[in-house]
Amino acid sequence: MTQHVLLGRAFYARDAREVARDLLGAVLVRRLDGRRVSGRIVEVEAYRTTDDQAAHAHAGHTPRNAPMWEAPGHAYVYLVYGMYWLLNVVCEPQGTPAAVLIRALEPLEGQDVIAARRAGRSLLAWTSGPGKLTRALDISGAHNRLDLTVPNAALWIEAGERVPDAQVRTGPRIGLGKHVREPWLSMPWRWWIAENPHVSR
DNA sequence: ACGGAGATCTTCT
DNA sequence: GAAGATCTCCGTT
């Protein structure tokens, strides 16, 4: 019955894979025109650090990935394919450049706002992908480097009802086939809630 | 249902 | 100069 409990620095200051697992069921909240527009996190991916070949941090410190060196709980938002903003949350103790990608949401509050922003699409296409959900919640480069642990800002994450292990599924990450090789392929990097129709496909 | 291609532009080589 | 942590549309089956 916890309500509107903001996730703080300590939550994010852990191994990115633990944070990813625990973000399932949490609620991403966006304040738009004074209203709460939110979704339950149903799919995530972890990107570790310089030893993870698929991670941006693998290249070392660059202008783009600089936010990953901020304190845990900051947003790392970047543009892919010239068109889609992707939202990550910085994890691990500060100085270790790791992050979790928010891949899919189940719409909760402000569904009329989301529907308007995703006009012409069906409910299941509103937020079922990392590029879709940023459009649905109006998340962009303007939110890069934002501290998500600050109460009542533009964007933050609240604790939700914990998803039991029996409902958690894992698998390889999506969209980077040629980068991922052993031993990383044998480890869990993507988590989602079983049977949830808002998971990307 | 499934597959292929185009959109669009920043980043790093 | 090429590729990219994607999505949508259009074709065919």
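To find a chain, count down the sequence lines: A is the first, B the second, and so on, and within it residues start at 1.
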Rounded to whole angstrom units, what separation is found between the [atom1] atom of [X] and the [atom2] atom of [N]?
X        : N      : atom1 : atom2 : answer
A:Met83  : C:dC7  : CE    : P     : 11 Å
A:Leu79  : B:dT8  : CG    : C1'   : 9 Å
A:Trp85  : B:dC9  : CH2   : C1'   : 10 Å
A:Asp52  : C:dA5  : CG    : C1'   : 11 Å
A:Tyr84  : C:dT8  : OH    : P     : 6 Å
A:Tyr81  : B:dG6  : OH    : P     : 15 Å
A:Tyr78  : B:dC12 : OH    : P     : 12 Å
A:His198 : C:dC7  : NE2   : P     : 15 Å

Q: Please state whether the rings of A:His61 and A:Trp69 are parallel, tilted or perpendicular, taking 30° and 60° as the class boundaries.
A: tilted
Below 4.0 Å: OP1/OP2 of [N] and any side-chain N or O of [X]:
X        : N     : result
A:Arg121 : C:dC7 : no
A:Arg118 : C:dT8 : yes
A:Arg190 : C:dA5 : no

Q. Does the cation-pi check pass for A:Arg173 over A:Trp189, that is, NZ or CZ under 6.0 Å from the six-membered ring centre and within 45° of its axis?
A. yes
Q: Examine A:Arg14 relative to A:Phe11 and say whether NZ or CZ is less than 6.0 Å from the centre of the six-membered ring and inside a 45° cone about the ring axis.
A: yes
Q) Just checking A:Gly131: base, sugar-phosphate only, or nothing, at a heavy-atom cut-off of under 4.0 Å? A) sugar-phosphate
Q: Using a 4.0 Å heavy-atom cut-off across all strands, classify A:Arg135 as base, sugar-phosphate, or nothing.
A: nothing
**Q.** Residue matched to C:dA5 through Watson-Crick or wobble contacts both under 3.5 angstrom
**A.** none
Q. Under the 3.5 angstrom rule, does the side chain of A:Arg145 hit a backbone N or O of A:His74 as a donor-acceptor pair?
A. no
Q: Give a yes or no on whether a salt bridge exists between A:Asp138 and A:Arg31, defined as a side-chain N under 4.0 angstrom from a carboxylate O.
A: no
Q | Criterion salt bridge (Lys or Arg N to Asp or Glu O under 4.0 Å) on A:Asp147 and A:Arg9, from CA distance to verdict | A | CA-CA 10 Å; A:Asp147 186 351; A:Arg9 196 82 66 209; 3.0 Å; yes
Q: Drop me the distance from A:Glu106's CD to A:Ile41's CD1, to the nearest 0.5 angstrom.
A: 12.0 Å
**Q.** Selection: residues 59-71 of chain A, any non-hydrogen atom under 4.0 Å of DNA chain B
**A.** A:Thr62, A:Pro63, A:Arg64
